[in-house]
Amino acid sequence: MQYLPVFLDLKTGPVLLIGAGELVRAKLRVLLAAGARIRWFATDGDFELGGLHDDHGQIARAEGDPLSADLSGVIAVLCAGAGDIGVAMSARARAVGLPVNVMDDLAHSSFIFPAIVDRGDVVVAIGTGGSSPVVARRVRERIEALLPARIGELASFIGDFRKTINPRIPEMPLRRRFWERIVDGPIGALVLAGRKHEAAAALHGIADPSAFAGADHAGRSDGHVTLVGAGPGDPDLLTIKALRALQDADVVYYDELVTPEILDRIRRDASRVPVGRRVGKPGIGQDAVNKLLIEAAREGKRAVRLKGGDSYVFGRGGEEVDALRHAGVAYTIVPGITAGIGAAAQFEVPLTFRSKALRITFLTAHKERDAEAVDWSALTDTKMTVVVYMGMTAAPAVRAGLLAAGRSPQTPVGVFARVTRPDAQAAVGTLDQLPDLVGQIDGGPAILIIGDVVAHSAPWRQKNLSGVIAKLLEPV
């Protein structure tokens with residue numbers, strides 16, 4: 001994040017606006033909408049508003065040289081279509097610590113104008129660090145389409161009632177849940193439908209706000225644990241239900257393999273506790289994780305157990321659910337995209353293929369002894385695709401087990417690392433080459449896919465194409 005979004009109260013002092021033409025009038029339009037008091041220096045001497053209306057006398061037309069203007073009380077300086085005066089004005093504003101924006105000139109600006117979605121009390125600002133206003137505009141268009149027209153009225157409605165309701169709900173988590181149920185429930189729907197008076201009557205009719213928010217008989221909030229599959233790394237692959245859980249959470253216990261981009265989806269004031277482990281490094285242990293989840297729920301918190309991939313595919317989700325069930329803790333399971341499916345989609349590996357690959361086996365072998373314990377004789381069917389999780393270290397043992405059981409050394413295999421992430425990597429070849437393929441990978445996490453379907457993958461096609469081109473280029 002290059003710029004921190006800040007909402008500035010433009011009613012606290014005048015804004016100095018310098019410039020001319022349509023560029024400065026575009027800024028006038030935004031400033032007027034925000035209720036700003038504007039001191040405008042028209043560098044071309046033309047103060048024509050171009051269809052804008054200054055009904056409240058917000059614009060003061062200023063004469064003379066803006067470079068010698070009195071800056072006392074000014075809260076910001078804006079230059080649009082000001083030419084060289086903008087650069088000189090930027091230096092003057094910065095010298096006295098005033099925020100300044102010179103349109104389309106990042107080097108001389110200390111703040112930038114975002115794209116804005118204006119719904120009254122709800123304002124959304126979209127910025128791209130000044131690099132691409134077109135992208136910001138496209139994002140704004142999508143948000144405009146998503147937000148209800150009366151979302152600002154809903155915010156105003158809640159603001160009207162907060163001072164009377166909040167003192168009746170002692171616990172902050174309960175308070176938050178109360179308003180979430182108002183926003184997400186029938187009362188919020190009434191406001192969005194334009195039936196504000198009915199909504200107000202319904203809100204007044206809530207006799208016990210704490211009970212409405214879900215408090216138990218002792219007035220405490222009910223705790224809950226949600227097991228959320230974070231998927232293999234791409235934040236866009238999170239489900240809508242997973243995003244909602246991350247936004248509602250009071251505390252999130254996450255694995256080390258969960259990417260920073262996914263952690264950024266967590267509600268800002270939620271606690272974040274790392275509890276995972278990497279291969280070869282100690283962790284706090286599963287019993288300790290179970291205890292943390294149970295304690296959080298008993299304290300009335302909404303806890304999320306966030307783990308890479310899917311909780312029920314080599315994620316110990318079953319152990320955690322058993323512990324929660326025995327402790328009498330309410331829980332929900334939100335599935336995630338497991339790494340095998342992520343690799344299949346990204347690298348075009350059809351895990352099943354009509355008449356060629358009819359079965360899939362998922363197994364884990366992050367240590368050599370795990371691979372040695374596998375009954376490889378059950379995995380020799382050529383119509384079976386084998387997906388090995390955490391198999392980089394045990395790759396030699398995986399190869400040895402399959403070859404000893406009778407699987408062909410020419411069976412196509414692929415090593416797929418950091419799938420769905422920007423630095424994803426693949427190496428493909430045959431079973432007898434498996435350890436060498438692992439050596440081509442720049443670190444995990446990675447999975448191995450073994451079976452004829454790998455020959456249909458994009459990396460395999462690219463490898464073959466490269467080989468054909470190399471032969472064509474050989475000297476005759």
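Counting from 1, the numbers follow the sequence of the chain as shown.
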Peer 1: Sort and list the pairs that fulfil ring-ring contact (aromatic ring centres under 6.0 Å, His included) and have at least one residue in residues 404-435, not counting sequence neighbours.
Peer 2: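 Of all non-adjacent pairs touching residues 404-435, those that pass ring-ring contact (aromatic ring centres under 6.0 Å, His included) are F347-F416.
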Peer 1: Quick one: are L293 and V329 in side-chain contact, heavy atoms under 4.5 Å?
Peer 2: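 They are not in side-chain contact.
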Peer 1: Does any N or O in the side chain of S109 come within less than 3.5 Å of the main-chain N or O of I112, such that one atom is a donor and the other an acceptor?
Peer 2: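 Flag not set: sc S109 to bb I112 has no pair under 3.5 Å.
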Peer 1: Look at E141 together with R138 and state whether they make a salt bridge at an N to O cut-off of under 4.0 Å.
Peer 2: yes
Peer 1: Is a donor on one side and an acceptor on the other found under 3.5 Å between the side chain of T380 and the backbone of A405?
Peer 2: no
Peer 1: Are any side-chain N or O atoms of R181 and backbone N or O atoms of F212, one a donor and one an acceptor, separated by less than 3.5 Å?
Peer 2: yes
Peer 1: Taking everything shown except D322 itself, do over 12 heavy atoms lie less than 6.0 Å from its CG?
Peer 2: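 Correct, the count exceeds 12.
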Peer 1: Would you name the heavy atoms of A115 and R137 that are closest together and state the gap between them?
Peer 2: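 Heavy atoms only, the tightest pair is CB-N, 4.5 Å.
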Peer 1: Is there a side-chain contact between I262 and Y254 in this structure, where contact means two heavy atoms from C-beta onward sitting under 4.5 Å apart?
Peer 2: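 No, their side chains stay 4.5 Å or more apart.
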Peer 1: Work out which heavy atom in T420 is nearest to a heavy atom in D234; give both atom names and the distance.
Peer 2: OG1-N, 3.1 Å
Peer 1: Are side-chain heavy atoms of L246 and L238 found at a separation under 4.5 Å?
Peer 2: yes
Peer 1: Enter the distance from T385:OG1 to I450:CD1 here, rounded to the nearest 0.5 Å.
Peer 2: 10.0 Å
Peer 1: Report the distance from atom CG of L146 to atom CD1 of I151, rounding to the nearest 0.5 Å.
Peer 2: 11.5 Å
Peer 1: Working to the nearest 0.5 Å, report the span between CG of D184 and CG of D248.
Peer 2: 7.5 Å
Peer 1: Does any N or O in the side chain of Q433 come within less than 3.5 Å of the main-chain N or O of T430, such that one atom is a donor and the other an acceptor?
Peer 2: yes
Peer 1: Is there side-chain contact between V438 and I441, with heavy atoms separated by less than 4.5 Å?
Peer 2: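 Side-chain contact under 4.5 Å: no.
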Peer 1: Side-chain contact test, heavy atoms from C-beta onward, threshold under 4.5 Å: evaluate it for W179 versus R162 and give yes or no.
Peer 2: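 Counting from C-beta outward, W179 and R162 do come under 4.5 Å.
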Peer 1: So does A242 get a backbone contact from the side chain of T239, meaning a donor-acceptor N/O pair under 3.5 Å?
Peer 2: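 Checking the backbone N and O of A242 against the side chain of T239, a donor-acceptor pair under 3.5 Å is found.
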Peer 1: Are D436 and Q440 close enough that a side-chain donor and a side-chain acceptor fall under 3.5 Å?
Peer 2: no
Peer 1: Is there a side chain to side chain contact (heavy atoms under 4.5 Å, CB included) between L324 and I294? Walk through the geometry before answering.
Peer 2: CA-CA 6 Å; L324 295 171; I294 292 167; 4.0 Å; yes
Peer 1: Just jot down the ring pair (Phe, Tyr, Trp, His ring centres under 6.0 Å) partners of H204, sequence neighbours excluded, or say none.
Peer 2: F161
Peer 1: Find the distance between CG (L363) and CD1 (I447) and round it off to the nearest 0.5 Å.
Peer 2: 11.0 Å
Peer 1: Closer than 4.0 angstrom, basic N to acidic O: yes or no for R305 and E320?
Peer 2: yes
Peer 1: Distance from F353 atom CZ to H456 atom NE2, nearest 0.5 Å?
Peer 2: 4.0 Å
Peer 1: I want to check something: taking the side chain as every heavy atom from C-beta on, are I187 and I206 in contact at a cut-off of under 4.5 Å?
Peer 2: yes
Peer 1: Specify the closest pair of heavy atoms between N101 and M103, including all atoms of both residues, with the distance to one decimal.
Peer 2: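 N101 and M103 have their closest heavy atoms at OD1-N, 3.7 Å.
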Peer 1: Looking only at non-hydrogen atoms, find the nearest pair between L227 and S311 and report the distance.
Peer 2: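 Taking L227 first and S311 second, the nearest heavy atoms are CB-OG, 3.8 Å.
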Peer 1: Okay, side chain of R421, backbone of P232: is any donor-acceptor separation there less than 3.5 Å?
Peer 2: yes
Peer 1: With a cut-off of 6.0 Å (strictly less than), are more than 12 heavy atoms of other residues, nucleotides or ligands near CZ of R142?
Peer 2: no
Peer 1: Using the rule given for side chain to side chain contact (heavy atoms under 4.5 Å, CB included), can you reason through R316 versus V289, listing the C-alpha separation, both sets of side-chain angles and the distance that settles it, and then say yes or no?
Peer 2: CA-CA 11 Å; R316 298 193 176 184; V289 173; over 6 Å; no
Peer 1: Report the C-alpha distance between Y312 and V321 in whole Å, list the side-chain angles of each, state the deciding distance to 0.1 Å, and finish with yes or no for side chain to side chain contact (heavy atoms under 4.5 Å, CB included).
Peer 2: CA-CA 10 Å; Y312 272 14; V321 164; 3.3 Å; yes
Peer 1: How long is the gap from CD1 on I75 to CG on L10, to the nearest 0.5 Å?
Peer 2: 5.0 Å
Peer 1: Determine whether I240 and R244 make a side-chain contact, defined as any pair of heavy atoms from C-beta on separated by less than 4.5 Å.
Peer 2: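 With C-beta onward as the side chain, the pair touches.
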Peer 1: Checking side chain to side chain contact (heavy atoms under 4.5 Å, CB included) for the pair V135/I126: CA distance, chi angles, key distance, verdict?
Peer 2: CA-CA 9 Å; V135 170; I126 306 108; over 6 Å; no
Peer 1: Tell me whether S210 contacts the main-chain N or O of I169 through its side chain, where contact means a donor paired with an acceptor under 3.5 Å.
Peer 2: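 No, S210 side chain to I169 backbone: no donor-acceptor pair under 3.5 Å.
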Peer 1: Using every non-hydrogen atom in the two residues, find where V117 and R140 come nearest and quote the distance to one decimal.
Peer 2: CG2-CG, 3.3 Å
Peer 1: Tell me whether Q425 contacts the main-chain N or O of D442 through its side chain, where contact means a donor paired with an acceptor under 3.5 Å.
Peer 2: yes
Peer 1: On a heavy-atom basis, which atom in A378 and which in M384 lie closest, and how many Å separate them?
Peer 2: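 Minimum heavy-atom contact is O-CE, 3.6 Å.
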Peer 1: In chain order, what residues pass the salt bridge (Lys or Arg N to Asp or Glu O under 4.0 Å) check against K27, with sequence neighbours excluded?
Peer 2: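 K27: no salt bridge (Lys or Arg N to Asp or Glu O under 4.0 Å) contacts found.
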Peer 1: Keeping T226 on the side-chain end and V304 on the backbone end, is there a donor-acceptor pair under 3.5 Å?
Peer 2: no
Peer 1: When you compare the side chain of L379 with that of V374, does any pair of heavy atoms fall below 4.5 Å?
Peer 2: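 Sidechains of L379 and V374: in contact.
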Peer 1: Only pairs at least two apart or in different chains count here, so list each ring-ring contact (aromatic ring centres under 6.0 Å, His included) that has a residue in residues 319-341.
Peer 2: none
Peer 1: Please identify each residue that fulfils side chain to side chain donor-acceptor pair (under 3.5 Å) with D250, with sequence neighbours left out.
Peer 2: R176, R267
Peer 1: Check whether R272 reaches the backbone of V252 with its side chain - one donor and one acceptor, N or O, closer than 3.5 Å.
Peer 2: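 Checked: no pair found.
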Peer 1: Begin from the C-alpha positions of Y3 and F111 and carry the test ring pair (Phe, Tyr, Trp, His ring centres under 6.0 Å) through to its verdict.
Peer 2: CA-CA 8 Å; Y3 291 88; F111 76 95; 9.3 Å; no
Peer 1: D452: which residues meet the side chain to side chain donor-acceptor pair (under 3.5 Å) condition with it, sequence neighbours left out?
Peer 2: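 Once residues adjacent in sequence are excluded, D452 has no partner under the side chain to side chain donor-acceptor pair (under 3.5 Å) criterion.
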